[in-house]
Chemist: 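The structure that follows is given in the form of structure tokens.
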Amino acid sequence: MMFADFFYSKSVKLAKNIKVPLVSYGCNCRGECVDPRSCSCARLNGNDIPYVHKDGGRLVEAKAVVFECGPHCQCSSTCVNRTSQHGLRYRLEVYRTSKKGWAVRSWDTIPSGAPVCEYTGILTRSEDIDSVAENNYIFDIDCLQTIKGLDGRERRPGDLSSLIDLDERKSEVPEYCIDAGSLGGVARFINHSCTPNLFVQCVLSQHQDIKMAKIMLFAADNIPPLQELTYDYGYVLDSVVGVDGGCNFVAGDFFAKRNIEVQVCHERMLI
């Protein structure tokens, strides 16, 4: 699907110099993963299965990282610990607003904890991005920032000491990013809010490299139909707050640039 200079893609594409590591092992569960004591993926989640079955799978709480079952796991494709891997389940619409340019809403009610969409684009090294100032659709994969609670971000539950050295990476700049400037999905049109109804969640299933984690947007509340979908560009809920209790994010220039964006037609995602 193409609109002017933008190509719609449901999945992340890899830049030519990017190779994603693959894990060669998985859990030995049969059917559904139900026992966190015997499931190796559940052990990575702190001896916990992070999803419940209700409404096709809901995330119980935001975590540092969610480890889902992957290609080498013995569980079924319908296992609840594969919840974010099933694509769009709600009818999302990209529409034009009067003040902020493009925005996204759902025609359906979205329950709290449900996966809404993945931030897709081209996975590339941050150092290889040209004209960053002119590209408003670069998503730094900076999960480490949230894990360590840096830059005012809330630390989320989850022990990832086996994957990262928190002391040695205190000032690490994100090595990888997702560039949705010319190729991406519906998530690139979702606007910022200091009172968002979505939150960002890092997810790993194909590999365990936190620097190349999948970026998913989940519902933070029960979202009624036709309410604009938003997330905090500061990455987590309540993370960009000023001394006066207001939001520090300066959105004017950003949204002005988005209004100059290629003239994407009024696209309705009825998937």
Side-chain angles (χ1 to χ4, degrees), residues 9-26 40-41 43-46 50 59 62-73 81-85 115 117-130 132 135-181 183-185 187-188 198-218 231-237 239:
S9 176
K10 296 180 181 180
S11 60
V12 170
K13 308 300 182 184
L14 302 181
K16 293 181 179 179
N17 62 340
I18 298 296
K19 185 176 181 180
V20 175
L22 299 177
V23 296
S24 59
Y25 53 88
S40 59
C41 297
R43 289 198 291 271
L44 291 172
N45 286 307
L59 187 64
K63 301 175 73 70
V65 176
V66 167
F67 293 90
E68 291 190 343
C69 295
H72 294 285
C73 291
N81 200 37
R82 299 179 186 268
T83 291
S84 79
Q85 301 172 31
C117 57
E118 179 182 0
Y119 197 97
T120 62
I122 301 174
L123 176 62
T124 186
R125 293 185 183 276
S126 300
E127 62 185 21
D128 293 337
I129 293 292
D130 295 325
V132 174
N135 188 343
N136 298 300
Y137 300 99
I138 295 174
F139 197 116
D140 289 326
I141 306 179
D142 54 356
C143 308
L144 287 170
Q145 301 282 19
T146 297
I147 292 170
K148 295 176 289 189
L150 296 182
D151 299 330
R153 298 179 182 181
E154 297 176 349
R155 281 193 73 166
R156 296 181 181 179
D159 181 10
L160 302 178
S161 56
S162 61
L163 295 181
I164 59 176
D165 188 328
L166 299 183
D167 291 330
E168 292 181 0
R169 300 191 178 196
K170 286 182 179 179
S171 60
E172 181 171 332
V173 175
E175 185 176 348
Y176 298 95
C177 65
I178 299 173
D179 180 3
L183 180 148
R188 80 188 293 271
L198 304 177
F199 65 91
V200 176
Q201 176 65 63
C202 291
V203 177
L204 291 174
S205 59
Q206 301 292 323
H207 59 83
Q208 292 186 5
D209 189 342
I210 187 66
K211 296 179 294 183
M212 305 169 78
K214 179 169 72 172
I215 302 299
M216 290 295 303
L217 294 173
F218 283 79
Y231 69 96
D232 187 342
Y233 287 2
Y235 197 81
V236 293
L237 295 176
S239 65

Chemist: Considering the options V12, V203, D140, I178, which one meets the side-chain contact (heavy atoms from CB on, under 4.5 Å) requirement together with I215?
Modeler: I178
Chemist: Taking side chain as C-beta onward, heavy atoms only, is L204 less than 4.5 Å from L44?
Modeler: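 L204 does not reach L44 side chain to side chain.
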Chemist: Any sub-3.5 Å donor-acceptor pair from S126's side-chain atoms to P174's backbone N or O?
Modeler: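 Yes.
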Chemist: Could you check whether any side-chain heavy atom of I18 comes within less than 4.5 Å of a side-chain heavy atom of M212, counting everything from C-beta outward?
Modeler: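 SC-SC contact between I18 and M212 confirmed.
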Chemist: Hey, does the side chain of N81 reach the backbone of F67 with a donor-acceptor pair shorter than 3.5 angstrom?
Modeler: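 Present.
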Chemist: If every non-hydrogen atom of A180 is compared with every non-hydrogen atom of G184, which pair is closest and at what distance?
Modeler: CB-CA, 4.3 Å
Chemist: Give me the atom names and distance for the closest heavy-atom approach of P71 to Q206.
Modeler: CG-OE1, 3.7 Å
Chemist: Tell me the closest heavy-atom pair linking L183 and K13, and the distance in Å.
Modeler: CD2-CG, 3.8 Å
Chemist: Please lay out, stage by stage, how S84 and V66 fare under the test side-chain contact (heavy atoms from CB on, under 4.5 Å).
Modeler: CA-CA 10 Å; S84 79; V66 167; over 6 Å; no
Chemist: Answer yes or no: is the gap between the SG atoms of C143 and C202 smaller than 2.5 Å?
Modeler: yes
Chemist: Could you tell me the separation between the SG atom of C117 and the NZ atom of K10, rounded to the nearest 0.5 Å?
Modeler: 13.0 Å
Chemist: Of all heavy-atom pairs between C69 and Q85, which one has the smallest distance, and what is that distance?
Modeler: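 In this case the closest contact between C69 and Q85 is O-NE2, 2.9 Å.
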Chemist: Verify, without hydrogens or angle tests, whether D179 (side chain) and I122 (backbone) share a donor-acceptor contact under 3.5 angstrom.
Modeler: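 Judged by distance alone, no pair lies under 3.5 Å.
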Chemist: Can you tell me how far the CG atom of L59 sits from the CZ atom of F218, to the nearest 0.5 Å?
Modeler: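 One gets 5.0 Å once the value is rounded to the nearest 0.5 Å.
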Chemist: Examine distances only and state if a side-chain atom of T124 and a backbone atom of A15 form a donor-acceptor pair shorter than 3.5 Å.
Modeler: no
Chemist: Can any side-chain N or O of Q201 pair as donor or acceptor with the backbone N or O of K63 at less than 3.5 Å?
Modeler: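 Pair found, side chain donor or acceptor close to backbone of K63.
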Chemist: Of the non-hydrogen atoms in T120 and G185, which two are nearest, and what is the gap between them?
Modeler: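 Scanning both residues, the minimum pair turns out to be OG1-N, 2.8 Å.
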Chemist: To the nearest 0.5 Å, what is the distance between CD on E175 and CG on D142?
Modeler: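 Answer rounded to 0.5 Å: 13.0 Å.
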Chemist: For V20 versus H207, what's the shortest heavy-atom pair and its separation?
Modeler: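 In terms of heavy atoms, the two residues are closest at CG1-CD2, 3.0 Å.
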Chemist: Ring centres under 6.0 Å, that's the criterion: do Y137 and F139 meet it?
Modeler: no
